[in-house]
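Report on the following structure.
All chains are named by letter (A, B, ...) in the order of the sequence lines, taking the proteins before the strands, and each is independently numbered beginning at 1. Note that the structure is a prediction, hence the values are computed from the model and not measured.
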Amino acid sequence: MSTNPWLATGNYFTSYKQEQATFHTHLDRSVFTLFLFLLFAWPVFFPMGNKYMLVIDNILIAIVAVMGLNLVTGFAGLISIGHAAFVGIGAYTVASFCRIMGDSHIFVTHFWPVLIIMAGLMGALFGGIVGLPALRLKHLYLAIATLSFQMIFQWVINFMSFFNQGQTIFVGRVTWFTGTVGRKDHYLFWYYVILIFVVLLGFGIRNLLKTKYGRSLVAVRDNDRAADAMGIHPGLTKVYAFALAGFFAGVAGALHAYLYRGVGFESFTLHESISYLAMAIVGGLGTLNGSFWGPVAIKLLDLNVEQLAELAGRYLPSSMNLATALRPFTFGLVIVLFLMFEPRGIANWWRIVKSYTKLWPFRY
Amino acid sequence: MSYFFQIVVSGVVVGSIYALAALGLVLIYKSSRVANFAHGQIIAAGAFITYFLTITIGIPIFFSFLASMIITFFLAMSVERIFLRRLIGEPIISVIMVTIGLGSIIDGLIYLTPFGTENYSFPAFLPTTPLTLGGVSISWTQLVGVIITFILIGGFSWFFKKSTVGISMRAVSDDQFGAMSVGISVPKVFGLAWATAGLSAAAAGCIIGNITGLNFDTLHAFGIVVFPVLILGGLDSILGAVVAGIIMGLIQQLASGYLDGNWGLSGTGEVMPYIILLIILLFKPHGLFGIHEIERV
């Protein structure tokens with residue numbers, strides 16, 4: 001049967017290979033390519049100030065981290081309240097190199113992609129170690145195990161003089177083919193680097209979910225005894241999931257270290273871990289595009305609340321510190337409201353919009 | 001040697017506070033299988049309500065202590081009714097995150113008041129000279145705090161063992177369908193569990209506030225620190241919470257008394273509970289007195 005390669009009205013797959021394809025129709029592929037092109041091209045046409053570029057870079061880094069968290073919490077169903085610690089492991093891998101070899105050693109400045117990957121592998125190693133309790137524990141117990149890893153990480157950073165007791169450790173400027181990336185282009189340069197990482201890792205996770213391993217993750221989440229009976233090792237699957245999440249977090253941490261040109265303890269606290277979890281939940285647990293919506297939504301909300309509090313703060317007595325009050329309040333409110341009224345997250349809205357436009361104007 | 005006994009005494013004091021703070025979590029977990037991550041904020045709220053009633057309104061401290069216990073009783077009950085009731089049967093991550101979100105909301109509300117950032121302390125109503133016995137000294141606030149803690153814990157154990165409501169709460173924790181079939185209203189029991197947890201949180205907040213002073217950060221940090229105590233005690237046993245609380249307090253004080261300053265270590269008291277927690281989770285995840293319901297994966 002010949003099918004329209006641009007629009008699909010139904011399911012005409014004749015092999016598993018076809019079903020596993022990343023794009024099912026030409027329309028999907030061209031829309032995605034156009035979107036990707038716009039992502040890469042817009043800074044050329046609409047240059048933005050460093051302040052806004054930093055916000056965008058931050059969102060992209062959060063996307064990398066949340067993709068990992070979504071893998072472990074959304075797809076594998078293991079609650080991790082220690083994700084910021086894994087991000088911190090990545091960042092402090094870069095920082096350790098700067099500490100040992102000096103922050104402008106050639107390895108830090110020229111071979112930074114290698115260092116970022118190494119930070120990811122370090123995160124994966126720690127993720128695997130912390131995931132070991134998952135061989136025996138479930139649910140709440142596992143959540144508290146990851147929580148204790150977060151607290152131990154904070155203590156190690158805060159009390160070891162090697163890590164500067166949590167004070168900032170500087171990371172040097174990197175060198176590109178055009179020379180050292182200066183102050184003016186710094187955020188633009190890292191926008192492109194982080195975007196490339198987001199695209200690569202996003203494709204990686206999308207393909208991973210269609211492999212045997214990705215499907216066994218979901219199987220273990222839904223019913224681990226049934227998965228065990230099917231010949232999947234639930235424990236090992238979970239440990240691998242933690243290691244993979246650690247890899248994503250490590251990469252995010254290394255990017256964070258390079259973007260801020262320094263590593264400090266306050267970016268990897270328990271509050272950040274909770275914030276990553278909130279992003280995954282608001283975006284939609286167990287969906288790939290949820291990992292993109294969540295960070296965008298939470299970070300933009302945070303920014304808006306900050307501006308709103310600043311604005312309102314002018315008309316209120318200074319003893320009411322509105323900014324510190326409003327941020328946790330709205331943050332908590334958003335989590336609670338999403339969990340009560342839209343537990344499937346923004347990704348669900350996206351799904352509804354997509355199916356609406358796909359069938360429009362013939363809705364029935 | 002008196003140094004050692006001094007550490008043991010302060011360990012018991014800290015431990016009994018942990019036990020009281022963990023009690024609320026045990027009450028909630030026992031009946032509804034929910035881990036409440038907003039407990040620290042309820043503790044802080046209870047302490048601040050007491051302070052507000054005592055200083056701003058001018059009620060004698062003992063009555064404001066009781067009043068704040070009653071207020072948090074209804075506060076926690078309404079929290080359960082409004083937010084947690086809808087989530088019965090939802091996956092555990094949703095429930096955990098809702099309690100975290102609630103904690104964040106209460107954080108925001110407390111930061112709106114001056115209590116969020118400044119330090120306060122209760123007016124001294126006990127003799128300020130510490131009690132000394134053989135080189136070991138204990139202050140009156142600590143002594144009275146420990147005594148009140150044990151009275152409260154004894155009261156709660158009696159409540160669960162003997163009273164009809166307590167027995168119905170235990171029945172719900174044992175088997176929800178069985179409890180329903182003998183005419184126990186399960187939602188009502190959940191509400192009551194949260195309410196009693198709120199009450200015990202207010203008591204814990206007042207006792208901690210009396211011993212360490214009222215500071216929001218230290219008060220709500222108790223909500224996280226009690227989790228090691230909870231796991232060591234076995235999540236759903238009051239006796240476990242007491243024993244584990246005191247063990248944790250002793251470990252913490254011994255660690256900071258003997259490890260800090262040697263080998264360049266510092267702040268070991270803060271991290272030791274979590275290290276112990278990881279070890280317990282690996283080797284004896286159901287804790288000292290918990291029921292053996294852990295599945296091997």
(request) Could you check if a side-chain atom of L339(A) sits within less than 4.5 angstrom of a side-chain atom of F83(B), using non-hydrogen atoms only? (result) no
If I measure from the heavy atoms of chain A, does [X] come under 4.5 Å with its side chain, its backbone, both, or neither?
X: L87(B); result: side chain
X: I275(B); result: both
X: I276(B); result: neither
X: I100(B); result: side chain

Determine yes or no for a side-chain-to-main-chain donor-acceptor pair under 3.5 angstrom, with [X] supplying the side chain and [Y] the backbone.
X: H83(A); Y: A65(A); result: yes
X: T99(B); Y: A38(B); result: no
X: S256(B); Y: Q252(B); result: yes

(request) Please work out whether the ring planes of F153(A) and Y92(A) are parallel, tilted or perpendicular, with thresholds of 30° and 60°. (result) perpendicular
(request) State which residue, out of Y274(B), F222(B), Y29(B), F37(B), fulfils the ring pair (Phe, Tyr, Trp, His ring centres under 6.0 Å) condition with F227(B). (result) F37(B)
(request) With a 4.5 Å cut-off on heavy-atom pairs, point out which of I93(B), D107(B), V98(B) contacts chain A the most. (result) I93(B)
(request) Quick one: which of P228(B), S94(B), G108(B) has the most heavy-atom pairs under 4.5 Å with chain A, could you say? (result) G108(B)
Less than 4.5 Å to any heavy atom of chain B: does that hold for the side chain of [X], its backbone, both, or neither?
X: L270(A); answer: side chain
X: T330(A); answer: neither
X: L337(A); answer: neither
X: L277(A); answer: both

(message) Please give me the minimum heavy-atom distance between N70(A) and G290(A), naming the atom from each residue.
(response) ND2-C, 4.3 Å
